[in-house]
*Asks:* 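I am attaching a structure below and will ask some questions about it afterwards.
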Amino acid sequence: MISRDLVGGLAAVVIGAVYLYFAYQLRVSALDDSLGPSGMPRIYGWLLLSLGLILTAQAVLSRLIGPPPAAGREALRGEWEGQGRRIAWAAGLLAIGAAYLFVVEKLGYLVSVALLILAAATFLGARFGTRLLAIAALGAVALWAIFALVLGVSMPSGLLGRLGV
Amino acid sequence: METLVQSASYLFDLGVIIAALAGVTWGIMGGALPGISPSITMALLLPFTYTMEPMSAIVLLASTYIGAEYGGSVPAILIRTPGTNAAAATVIDGYEMNRQGKAGLALGISLYSGVLGSLFGLAMLILLSGPLSRVALAFTPPAYFALGVLGLSVIATLSGENLVKGFIAAILGLMVATIGTDPVTGGTRFTFGSSELLSGIEPVMIMVGLFAMSELLVQAGRRGEAERVTSRPRIRFPDLKLARRLAFPQSIGSVIGTFEGVMPGAGGTIASFMSYNEARRWSRRPEEFGKGSPEGIAAPETANNTVAETALVPLLSFGIPGSNSTAILLGGFLIHGIVPGPMLFQRSGEIVHGLYAGLFTATFGMLVMGMLLLPACIWLVNRPRPYLNAFIFALILSGIYSIHNSVFDLGIMMAAGAVGFFMRMLRFPFLPTVLGLVLGYLVESSFRRSLVLSGDDLLIFVNDRISLGLLTLAVLFIAGSLGKRIYDLARRRRVEAFSQGSEARE
């Protein structure tokens, strides 16, 4: 069974390797100090790679040297139970956020944030209806008042701006 | 004495008063919401502080921390669900008192003990932070490098069960700190042609992503009704007889809170449980603990509020955040270009004095707001989570956008949130990442400048007495932590397969 430490260790190895690749691409200049702009990044990259390997080895060895008792195996299985569903829910919420990024400057802040509250609340389990619509609209107006009126932040006007509202 | 006089002059500063009261109000409400930790409550405020005066911004964030520590006890007592990690010890006797129809008294003891703990902690903060400011002028680049290393050495105690995971998390933070302009030559690194990355990634984006956004992503998968508060208690303070009985457990909480607050990596949760245990050990009525003992509320609540103040000692004196909440506060300092540490008292003494005055105001503000806000807290705890979380999501996105009016920043924050989600899942701690992120620039720039000054002679770090002292301290810190781990491992005689979850310390 794959443990979380094994996944974490392998992820660190991959991130370390990719970072190292780009660290070695950094240009060298005659004005550089002895360590240079790529010195520390290279150290960090190698460190991450090594620590990732250590964590991976730890995870593998702990399975090989001391096989966990039945209760331990059960716990290991339980570690991943429901994680796929949690990742899917998290990805859904992230997708709503990503959609907001694409529309906020086109539709404007007020409309986008109302849609965001509506979509996120529905996605998180709220029942769609007039109550939710009212909360989304009032919530958007409240946030717009805080940021645009009280704090004086220039939020995107988008659609409403083009309509002259 | 001079510090007290200078701080007193800010007691009537309108900006400080408003920030302190607003912070403590926000903190109590945030702390009362289960799942919203003090650090998340503070992170949600962080983007708002950009447009504020530096002093007001720092007071607002620090007061939020104090308020959140009390707020956490409200659901702990009323629905047996601690609003914050540090309030977990309060559940034991607080909920029992609630079941006996004494919820108002339990909340009163929690508030009263929190105020006493905060006042004691503030006194300790002023007493301990001041003397360290005197060595400020002697700091050179090697000393700053050593200070950064000392800060990073805290990782040894913040890594939970698995030290390797803590180091990996820290290096991730150090890597993010290398993005942008090189501190010595001015060349660009890891910007991939993006002009938005030229000035690097601001810690606030990563902090809000790691703490607040990742919590929303975790909560997205949770379904089902949360427990509701059905009673409508009114806060009742202890009478003189009970107050006398509580004095000793409160003293225990204050002393343990001071010690745990000053030590990076310890924290409110540990302080609360230690205080609870010690209060039971020294109590004349130990048999009442677990069955609704007022002492069982007084000791942990005093301790976690003392920690909320004394945790600022390493931050103000050395620029080292020893907890998630102080890391967010550090973000608040950095937003305004103020670097906590040895030079803080020299360059921005007025900020420190304003902070002391603000914390004093916030402590008394907590007494008033704690009573006034109880119905609001109960209302908030009873709100359906989908609405609440959707609104928090909108607040986070709006707050981050307001910093630079940049959609790119939103993308960075959401990416940090996704990374934080997986870090939680794989049980990597957050705080080392934040430490690496905020200390990365200091460590690299000081190290390279020192080498330029010494002609690449590494002995410069040993010849500088402050540097040598700090590096020795860092080595002792790591060695002590490693020694304790080896000792624990030998006693248990088995290798822990997993490290424990993130956000161990608030």
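The analysis underlying the following values was restricted to heavy atoms, covering all of them including side chains, and did not include hydrogens, waters or symmetry mates. Within every chain, numbering begins at 1; the chains are lettered A, B, ... in the order of the sequence lines, protein sequences first and strands thereafter. Keep in mind it's a predicted model, so treat the numbers as computed, not measured.
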*Asks:* For A:Ala120 versus B:Ala390, what's the shortest heavy-atom pair and its separation?
*Replies:*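 That would be CB-CB, 3.9 Å.
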
*Asks:* If you compare all heavy atoms of A:Leu51 against all heavy atoms of B:Val164, which two are closest, and at what distance to 0.1 Å?
*Replies:*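 For A:Leu51 versus B:Val164, the nearest heavy atoms are O-CG1, 3.5 Å.
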
*Asks:* Report the option among A:Gly139, A:Ala12, A:Gly97 that has the most heavy-atom pairs separated by less than 4.5 Å from atoms of chain B.
*Replies:* A:Gly97

*Asks:* Under 4.5 Å heavy-atom distance to chain B, tell me which part of A:Ala23 shows up: side chain, backbone, both or neither.
*Replies:*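 Both the backbone and the side chain of A:Ala23 come within 4.5 Å of chain B.
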
*Asks:* Return the option, out of B:Phe391, B:Phe393, B:Tyr50, with the maximum number of heavy-atom pairs under 4.5 Å with chain A.
*Replies:*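 If we count pairs closer than 4.5 Å to chain A, B:Phe393 comes out on top.
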
*Asks:* Would you mind telling me which of B:Ala177, B:Ser402, B:Ser398, B:Ala170 has the largest number of heavy-atom pairs within less than 4.5 Å of chain A?
*Replies:*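 Max contact count across the listed options: B:Ser398.
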
*Asks:* For A:Ser154, does its backbone N or O pair with a side-chain atom of B:Asn405 as donor and acceptor, under 3.5 Å?
*Replies:*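 Confirmed, B:Asn405 side chain pairs with A:Ser154 backbone.
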
*Asks:* Let me confirm one number: the CD1-CD1 distance from B:Ile171 to A:Ile15, rounded to the nearest 0.5 Å.
*Replies:*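 B:Ile171 CD1 to A:Ile15 CD1: 11.5 Å, rounded to 0.5 Å.
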
*Asks:* Tell me, side chain or backbone of B:Leu388 under 4.5 Å from chain A's heavy atoms, or both, or neither?
*Replies:* neither

*Asks:* Could you give me the CA-CA distance, side-chain angles and deciding distance for B:Arg427 and A:Asp5, then say whether side chain to side chain contact (heavy atoms under 4.5 Å, CB included) is met?
*Replies:* CA-CA 8 Å; B:Arg427 293 173 183 164; A:Asp5 283 8; 5.8 Å; no

*Asks:* Which atoms of A:Ile146 come close to chain B, meaning under 4.5 Å heavy atom to heavy atom: side chain ones, backbone ones, both, or neither?
*Replies:*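 Interface part for A:Ile146: side chain.
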
*Asks:* Is A:Arg4 reaching over with its side chain to a backbone N or O of B:Met425, donor-acceptor style, under 3.5 angstrom?
*Replies:* yes

*Asks:* For chain B, find which of A:Met155, A:Gln25, A:Arg86 contributes the most heavy-atom pairs closer than 4.5 angstrom.
*Replies:* A:Met155

*Asks:* Quick one, A:Leu48 and B:Met175 - any side-chain contact, counting heavy atoms below 4.5 Å?
*Replies:*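 Yes. Closest side-chain heavy atoms under 4.5 Å.
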
*Asks:* CG/B:Leu217 to CD1/A:Ile87 distance, rounded to the nearest 0.5 angstrom?
*Replies:*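 Reported to 0.5 Å precision, the distance equals 11.5 Å.
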
*Asks:* Do you know which two heavy atoms are closest between B:Ala394 and A:Ile117, and how far apart they sit?
*Replies:* CB-CG1, 3.8 Å

*Asks:* Determine the option with the most heavy-atom pairs under 4.5 angstrom with chain A, choosing from B:Leu397, B:Thr188, B:Leu451, B:Val452.
*Replies:* B:Leu397

*Asks:* If you define the side chain from C-beta out and look only at heavy atoms, does anything of A:Pro41 sit under 4.5 Å from B:Arg189?
*Replies:*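 A side-chain contact exists here, since the closest heavy-atom pair is under 4.5 Å.
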
*Asks:* Heavy-atom distance under 4.5 Å to chain B: side chain of A:Leu47, backbone, both or neither?
*Replies:*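 Contact with chain B involves both backbone and side-chain atoms of A:Leu47.
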
*Asks:* Using a 4.5 angstrom heavy-atom cutoff, name the option from B:Phe447, B:Phe421, B:Phe408, B:Tyr387 with the most pairs to chain A.
*Replies:* B:Tyr387

*Asks:* If you look at every heavy atom in A:Gly125 and B:Pro386, which pair is closest and at what distance?
*Replies:* C-CG, 4.0 Å

*Asks:* Would you say the rings of A:Phe147 and B:Tyr401 are close, in the sense that their centroids are separated by under 6.0 Å?
*Replies:*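 That pair fails the under 6.0 Å test.
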
*Asks:* Describe, in one word, how the ring planes of B:Phe190 and A:Tyr19 are oriented to each other, choosing from parallel (under 30°), tilted (30 to 60°) and perpendicular (over 60°).
*Replies:* parallel

*Asks:* Given heavy-atom pairs under 4.5 angstrom as the criterion, report whether the side chain, backbone, both or neither of A:Tyr100 touches chain B.
*Replies:*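 Looking at A:Tyr100, just its side chain touches chain B.
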
*Asks:* Starting from the C-alpha separation in whole Å, work towards a yes-or-no answer on side chain to side chain contact (heavy atoms under 4.5 Å, CB included) for B:Lys165 and A:Leu55.
*Replies:* CA-CA 7 Å; B:Lys165 282 186 168 181; A:Leu55 188 61; 4.0 Å; yes

*Asks:* Which bit of B:Asp456 is near chain A, if near means a heavy-atom gap under 4.5 Å: side chain, backbone, both or neither?
*Replies:* side chain

*Asks:* Which pair of non-hydrogen atoms, one from B:Met414 and one from A:Ala98, has the smallest distance, and what is that distance?
*Replies:* CE-N, 3.3 Å

*Asks:* Checking B:Thr51 against chain A: side chain, backbone, both or neither under 4.5 Å from a heavy atom?
*Replies:*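 Only the side chain of B:Thr51 comes within 4.5 Å of chain A.
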
*Asks:* Which pair of heavy atoms, one from B:Ala418 and one from A:Leu94, lies closest together, and at what distance?
*Replies:* CB-CD1, 3.8 Å

*Asks:* Given heavy-atom pairs under 4.5 angstrom as the criterion, report whether the side chain, backbone, both or neither of B:Met52 touches chain A.
*Replies:*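 B:Met52 has no heavy atom closer than 4.5 Å to chain A.
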
*Asks:* Could you check whether any side-chain heavy atom of B:Pro183 comes within less than 4.5 Å of a side-chain heavy atom of A:Met40, counting everything from C-beta outward?
*Replies:* no

*Asks:* Heavy-atom pairs under 4.5 Å with chain A - which of B:Asp182, B:Leu174, B:Thr178, B:Leu410 has more of them than the others?
*Replies:* B:Leu174

*Asks:* Please tell me if the side chains of B:Gln219 and A:Leu93 come closer than 4.5 Å, counting only heavy atoms from C-beta onward.
*Replies:* no

*Asks:* Does B:Phe192, at its CZ atom, have more than 12 non-hydrogen atoms belonging to other residues, nucleotides or ligands within less than 6.0 Å?
*Replies:* yes

